[in-house]
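Only one structure is covered here, and it is reproduced in the block below.
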Amino acid sequence: DWRLTLPRFEADNLRRNLALVETLSEMARARRCTPAQLALAWLLRQTADLVPIPGTRRVDRLEENLAATQIMLSADELDALKQLSTHHEIQGERYPAEFMSSLNA
């Protein structure tokens, strides 16, 4: 898996980044949905100008993504997700240094 070469998936970075995933997973379990559905539901409630385009290869994942449009998040849930997204610093660069230097970002 080529993702294992990415800095975010190196041992220490991965361990720290999985804390974010676990928190999101706990919130999703409480809502009886998947973490992906919770993330999509949150994105859909941000602004009308934002249109998430999740990738999928399987019909069941497409159905899962579509079901996220039916999840109505409370103000408290929206706030908790906002706090999670803004207060958790992702560890590790997105790409290795040799790739980062070729990007215009």
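Please read all numbers here as calculations on a predicted model, not as lab measurements. Note that the numbering runs from 1 along the sequence shown for the chain.
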Closest non-hydrogen atom pair between [X] and [Y], with its separation:
| X | Y | value |
| --- | --- | --- |
| R8 | G92 | NE-O, 3.1 Å |
| L73 | R31 | CD2-NH1, 3.7 Å |
| A19 | H88 | CB-CE1, 4.4 Å |
| S25 | P35 | OG-CG, 3.6 Å |
| P52 | L40 | CB-CD2, 3.9 Å |
| N65 | G55 | ND2-O, 4.4 Å |

Going through the distances and angles, do S85 and W42 end up as a side-chain contact (heavy atoms from CB on, under 4.5 Å)?
CA-CA 11 Å; S85 71; W42 177 71; 3.6 Å; yes
May I ask you to check whether over 12 heavy atoms, not counting those of [X], lie within 6.0 Å of atom [atom1]?
| X | atom1 | value |
| --- | --- | --- |
| E26 | CD | yes |
| E89 | CD | no |
| R3 | CZ | no |

Do the side chains of Q91 and R15 get nearer than 4.5 Å, heavy atoms only?
no
In Å and rounded to the nearest 0.5 Å, what is the [atom1] to [atom2] distance from [X] to [Y]?
| X | Y | atom1 | atom2 | answer |
| --- | --- | --- | --- | --- |
| M27 | L84 | CE | CG | 6.5 Å |
| R32 | Q37 | CZ | CD | 13.5 Å |
| D76 | Q83 | CG | CD | 11.5 Å |
| E77 | L38 | CD | CG | 7.5 Å |

Show, in sequence, the C-alpha distance, side-chain angles and deciding distance for F9 and T5, and conclude whether the side-chain contact (heavy atoms from CB on, under 4.5 Å) test is met.
CA-CA 7 Å; F9 291 94; T5 66; over 6 Å; no
Salt bridge check: are R29 and E22 linked by an N-O gap of less than 4.0 Å?
yes
Carboxylate-amine/guanidinium proximity below 4.0 Å for D79 and K82
no
Using the side chain to side chain contact (heavy atoms under 4.5 Å, CB included) definition, which of the options L18, L24, T23 pairs with V21?
L18
Intermediate values then yes/no, side-chain contact (heavy atoms from CB on, under 4.5 Å), R16 and D12:
CA-CA 6 Å; R16 286 186 235 140; D12 287 338; 3.6 Å; yes
Quick check: does any side chain N or O of [X] sit under 3.5 Å from a backbone N or O of [Y], one acting as donor and the other as acceptor?
| X | Y | value |
| --- | --- | --- |
| N17 | I90 | no |
| T47 | L50 | no |
| Q46 | L43 | no |

Indicate if L14 and W2 have the same hydrophobic cluster label, given that clusters are the connected sets of ILVMFWY residues with side-chain heavy-atom separations under 4.5 angstrom.
yes
Go through the steps to decide whether R94 and L6 satisfy the test side-chain contact (heavy atoms from CB on, under 4.5 Å), and finish with yes or no.
CA-CA 7 Å; R94 183 173 186 154; L6 303 177; over 6 Å; no
